[in-house]
Amino acid sequence: QVQLVESGGGLAQAGGSLRLSCAASGSIFSLNAMDWYRQAPGKQRELVAATDSVKGRFTISRDNAKNTVYLQMSNLQPEDTAVYYCHADIWRLGSSGRFLYSYWGQGTQVTVSS
């Protein structure tokens, strides 16, 4: 019943900027966490916030009222080319209490040219 919808990907030149958005909708009791991952071809999926090469260039922000997380990417480099995925851990109500579920968005392609 929960969906994550990403948007904002596309083509950018080196040194340019893009802003990605991810909105969660559906049966949500509480958002426990909402983060960005990325995966380049032949590479492992990595947590953007834990990636040293993006430090100082990428900023993650939240709009809690809209259940939306943003990824502002500046000074883009060709090595940033990847599919970017939104991930959320969401509490949902059950008959005996609340339960934590993990959800992934479809991913949005970011391509950076030199």
Side-chain angles (χ1 to χ4, degrees):
Q1 295 181 0
V2 174
Q3 293 178 292
L4 303 179
V5 180
E6 298 137 320
S7 62
L11 179 66
Q13 292 183 317
S17 299
L18 287 173
R19 190 181 77 155
L20 307 184
S21 300
C22 175
S25 62
S27 182
I28 300 171
F29 178 77
S30 178
L31 280 170
N32 181 255
M34 206 166 181
D35 297 294
W36 288 98
Y37 291 75
R38 70 181 187 182
Q39 187 168 24
K43 299 289 186 67
Q44 292 183 325
R45 188 170 297 187
E46 60 185 358
L47 178 65
V48 171
T51 302
D52 290 338
S53 63
V54 311
K55 191 176 181 64
R57 300 188 296 116
F58 290 10
T59 301
I60 297 173
S61 60
R62 289 267 300 273
D63 186 337
N64 292 326
K66 298 180 179 180
N67 288 331
T68 300
V69 65
Y70 303 94
L71 178 62
Q72 178 66 50
M73 304 183 292
S74 300
N75 297 319
L76 285 163
Q77 302 299 315
E79 51 266 37
D80 296 319
T81 296
V83 178
Y84 285 72
Y85 296 92
C86 177
H87 175 264
D89 290 320
I90 296 173
W91 289 103
R92 298 180 65 192
L93 290 176
S95 59
S96 60
R98 63 178 186 172
F99 300 88
L100 191 63
Y101 295 84
S102 179
Y103 297 92
W104 289 95
Q106 294 292 316
T108 183
Q109 177 71 46
V110 171
T111 302
V112 183
S113 62
S114 60

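Residue numbers start at 1 and run along the sequence shown.
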Separation of Asp89 CG from Ser102 OG (nearest 0.5 Å): 5.0 Å

CG on Leu93 to CZ on Phe99, rounded to 0.5 Å: 9.5 Å

Residues that Ser27 engages under side-chain contact (heavy atoms from CB on, under 4.5 Å), provided they are two or more places apart: Gln1, Arg92

Spacing of Ser74 atom OG and Leu76 atom CG [to the nearest 0.5 Å]: 7.0 Å

Met34 side, atom CE; His87 side, atom NE2 - distance, nearest 0.5 Å: 10.5 Å

Interatomic spacing from OG in Ser25 to CG in Leu4 - rounded to 0.5 Å: 8.0 Å

Audit row: Asn32, Leu100, side chain to side chain contact (heavy atoms under 4.5 Å, CB included) steps and yes/no: CA-CA 8 Å; Asn32 181 255; Leu100 191 63; 3.9 Å; yes

Side-chain donor or acceptor of Glu6 paired with backbone N/O of Gln106 under 3.5 Å: yes

Connected via hydrophobic side-chain network under 4.5 Å: Ile60 and Leu31: yes

Euclidean distance, Phe58 CZ relative to Leu18 CG, rounded to 0.5 Å: 9.0 Å

Check: Arg19 main-chain N/O paired with Gln72 side-chain donor or acceptor under 3.5 Å: no

Over 12 foreign heavy atoms within 6.0 Å of CD, Glu79: yes

Exam field: side chain Glu46 to backbone Gln44, donor-acceptor pair closer than 3.5 Å: no

Same apolar cluster: Val69 and Tyr101, side chain cutoff 4.5 Å: yes

Co-membership, hydrophobic cluster, residues Trp36 and Val110, 4.5 Å side-chain: yes

Full working for side chain to side chain contact (heavy atoms under 4.5 Å, CB included) between Tyr103 and Ile90: CA-CA 8 Å; Tyr103 297 92; Ile90 296 173; 3.8 Å; yes

Residues, nucleotides or ligands: over 12 heavy atoms within 6.0 Å of Gln3 CD: no

For the student: nearest non-hydrogen atoms of Ala82 and Ala40, plus distance: CB-N, 3.8 Å

Single-linkage hydrophobic cluster Val54~Tyr70, side-chain heavy atoms < 4.5 angstrom: no

Verdict with supporting geometry, Arg38 and Tyr84, side chain to side chain donor-acceptor pair (under 3.5 Å): CA-CA 4 Å; Arg38 70 181 187 182; Tyr84 285 72; 2.9 Å; yes

Side chain Thr81, main chain Val112, donor-acceptor under 3.5 Å: yes

Val5 with Leu20, same ILVMFWY side-chain cluster at under 4.5 Å: no

Side-chain (Thr68) to main-chain (Asn64) donor-acceptor, under 3.5 angstrom: no

Mutual orientation of the aromatic rings belonging to Tyr85 and Trp104 [parallel < 30°, tilted 30-60°, perpendicular > 60°]: perpendicular

Over 12 foreign heavy atoms within 6.0 Å of CD, Gln39: yes

Any donor-acceptor pair under 3.5 Å from Arg57 side chain to Asn75 backbone: yes

